[in-house]
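Heavy atoms only: backbone and side chains are in, while hydrogens, waters and symmetry mates are out. Every value quoted in this text rests on a predicted model; they were computed, and no experiment measured them.
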Amino acid sequence: MNPIRLISIAAATFAAGFASFNAAAVEPTQDNLKYANYYFAYPYPEKPLPALTGTPKGYEPFHMEHYGRHGSRWHIGEWVYRQPIDLLRPAERNNKLTERGRQLMAQLRKTEKQSRKRSGELTQLGAEQHRGIARRMTKNFPEIFKGNSRVDARSTEVIRCILSMDNELRELAAYNPNLDITSDASASTMYYLNYTDTVADRLTNLPEASAAVKKAKKAFPKDLSFLSEIISDEKFASDSIKGNDLAGALMRISTNSQSLDEPTPIWDLISSQNLVNYAGRGDIDWFLRYGNSDLTEGSGPMRARYLLRNIIESADTSVMRRSPSANMRFGHDVVVVPLTTLMDLNGYGRKINDFTKVDDFWNLYDITPMAANIQMIFYRPKGGKAYTPDDVLVKVLLNEKETTLPATPVSGPYYRWSDVRKVYLDRLGEERYPSDDSDY
């Protein structure tokens, strides 16, 4: 995590909050926006991507396995936009709002009105994120999307995921109208696109794990210093305003506003420390559920076991075909994260039992911003030469950046697929897909 958290820890009391407003307001720069964690709007191409390593000599890309999160969205639940208004109503009724507080209420009401009937829906920015990803796919790997290459896409049943898929596929079709594109969104594929693991859910609540989370979060208290900027009476705020709830509600509105056409401009109320602490608390919560730890019996990464098995099986049926192809899947952040840890991309599968160390390497803004995606690119000898599965190479992009894998590379980010496949199958063990074969 950014070392600015070492500058100071804002006191989490009303007295300290009203003592002075010393924290400097931040600007909505890319470096600050990232602390929104899983609300971070996909930062490319505004932030330049690193150049990809050149294709190994004598090889060419010919297949892709993909999983992508939906793009930027409205908050899920209209209550999210109403909560800060409701929490500030007592101060408004009793004329305890400052001028900035009254401006804030007007801003919050405007956003709340815009959000109605939009719960969880894809925004225009979210659609453009996926079109941009598709454009860069065709630029980076034109060999995969040439001629009548086959593109098979699947989405969860959620409309923001379906529309994300639609935008990406339409961009691919615009690039090459001859592509053989099929798509589907069905409950029948939810078991791997967005599996609900009730056993893992139970293991996140084990007493030792809960205690580890509580201890680690002490380093990231909520910053209540903004209260003196919007409420004029310290005692009234202490007696009548739920400060911790309000801090959380305003952070939710602020961090996700970057995904909207008209953001809610409340950056003047946010300190850099508050941003860092918000991200730190989120990292710990998500590591509890999806990270690799003995405290949850290693269940976090295994939430994606059916998805990884599907990817391996799909690749097995595709890598020996003569024609190029891509298998694409669209879903959610709660799938991207455990898939990243299960695949051990960039070492994110590392086991951590002391949750105070999570923030040293676990950053959600790197793993799952809005429109997060994992692209597995497969390479074979070029020129139509005969090849075997052992000749196939693979590299993986996490959010379009090359990653390390838990195997010995052949060169740079390139690995032998047979080596990577064996590592993953060993992790998955003998467990197969959920049974659904009973007779009616």
Side-chain angles (χ1 to χ4, degrees), residues 30 34 40-69 71 128-147 149 151 153 167-169 171-172 174-176 179 311 314-315 318-319 324-330 336 339-340 343-349 363 365-383 387 391-421 424:
Q30 284 289 321
K34 71 182 182 183
F40 183 26
Y42 199 67
Y44 312 114
E46 290 79 7
K47 182 178 179 180
L49 281 160
L52 298 181
T53 304
T55 300
K57 186 177 180 180
Y59 276 79
E60 63 181 356
F62 73 105
H63 179 67
M64 176 187 293
E65 292 288 337
H66 159 280
Y67 190 95
R69 182 192 181 191
E128 174 52 38
Q129 288 161 353
H130 281 278
R131 291 196 292 268
I133 291 168
R135 285 193 294 269
R136 292 188 292 278
M137 281 180 179
T138 60
K139 179 181 178 181
N140 293 332
F141 313 109
E143 300 90 342
I144 295 177
F145 301 100
K146 66 182 181 180
S149 297
V151 178
N167 275 277
E168 205 151 313
L169 294 181
E171 196 67 36
L172 293 178
Y175 168 77
N176 178 8
L179 287 172
I311 288 172
S314 295
S318 301
V319 295
S325 59
N327 294 321
M328 307 182 73
R329 306 161 185 83
F330 294 84
V336 170
L339 181 60
T340 298
M343 294 177 68
D344 197 13
L345 304 183
N346 287 336
Y348 274 117
N363 301 125
Y365 52 75
D366 280 336
I367 304 173
T368 187
M370 297 290 187
N373 57 97
I374 295 173
Q375 301 175 30
M376 299 181 70
I377 314 302
F378 293 80
Y379 297 76
R380 65 184 173 191
K382 66 190 305 184
Y387 65 95
D391 295 320
V392 174
L393 303 182
V394 65
K395 79 172 175 182
V396 177
L397 307 183
L398 173 60
N399 300 323
E400 302 182 76
K401 295 182 287 186
E402 294 169 342
T403 72
T404 60
L405 302 178
T408 302
V410 173
S411 174
Y414 296 97
Y415 298 77
R416 203 171 302 283
W417 168 235
S418 57
D419 294 342
V420 175
R421 180 181 183 275
Y424 290 156

With the side chain counted from C-beta on, respond yes when Tyr348 and Asp366 share a heavy-atom pair under 4.5 Å apart, and no when they do not. yes

In Å and rounded to the nearest 0.5 Å, what is the OG1 to CG distance from Thr404 to Leu345? 7.5 Å

Specify the closest pair of heavy atoms between Phe330 and Ala153, including all atoms of both residues, with the distance to one decimal. CE1-CB, 4.3 Å

Which atom of Pro413 lies closest to which atom of Lys395, heavy atoms considered: O-CB, 3.2 Å

Tightest non-hydrogen contact, residues Pro406 and Tyr424, listed as CD-OH, 3.7 Å

Around atom CZ of Arg416, are there more than 12 heavy atoms of other residues, nucleotides or ligands at under 6.0 Å? no

Does His66 offer a backbone N or O that forms a donor-acceptor pair with the side chain of Arg329 under 3.5 Å? yes

Just wondering, do Asn363 and Ile367 contact through their side chains at under 4.5 Å, heavy atoms? no

Quick one: side chains of residues 49-62, donor-acceptor pairs under 3.5 Å with protein atoms, not counting sequence neighbours, listed by atom name and distance.
unit_1	atom_1	unit_2	atom_2	d
Thr53	OG1	Glu402	OE1	2.8
Thr53	OG1	Glu402	OE2	3.3
Tyr59	OH	Asp391	O	2.9

What's the spacing between Ser325 OG and Leu179 CG if we round to 0.5 Å? 11.5 Å

Nearest heavy atoms of Asn399 and Ala372, plus distance in Å: OD1-CA, 3.0 Å

Output for pair (Lys401 NZ, Asn346 CG), nearest 0.5 Å, gives 8.5 Å

Heavy atoms of Lys146 and Asn176 approach each other most closely as C-ND2, 3.5 Å

Could you state the interatomic distance from CD (Gln375) to CZ (Phe141), rounded to the nearest 0.5 Å? 6.0 Å

Which value, rounded to the nearest 0.5 Å, describes the distance between Glu128 atom CD and Ile133 atom CD1? 10.0 Å

Does a side-chain heavy-atom distance below 4.5 Å link Met137 with Met328? yes

Any donor and acceptor pair, going by atom type alone, linking the side chain of His130 with main-chain N or O of Gly71 inside 3.5 Å? yes

Contact between Thr408 and Asp419 at the side-chain level, heavy atoms closer than 4.5 Å - yes or no? no

Modelled atom types, side-chain donor and acceptor of Tyr42 and Asn373, under 3.5 Å: yes

From the options Asn327, Ile144, Ile377, select the one residue that forms a side-chain contact (heavy atoms from CB on, under 4.5 Å) with His63. Asn327

Holding to side chain to side chain donor-acceptor pair (under 3.5 Å), I want the full list of residues that pass it with Glu171, two or more places apart in sequence or in another chain. none

Are Lys34 and Pro43 packed together at the side-chain level, in the sense that at least one heavy-atom pair is separated by less than 4.5 angstrom? no

List the residues meeting side-chain contact (heavy atoms from CB on, under 4.5 Å) with Thr138, not counting sequence neighbours, and say none if there are none. Phe145, Leu172, Tyr175

Is there side-chain contact between Tyr387 and Val319, with heavy atoms separated by less than 4.5 Å? no

Check: Glu143/Tyr379 side-chain N/O donor and acceptor closer than 3.5 Å: no

Side-chain contact test, heavy atoms from C-beta onward, threshold under 4.5 Å: evaluate it for Met376 versus Trp417 and give yes or no. yes

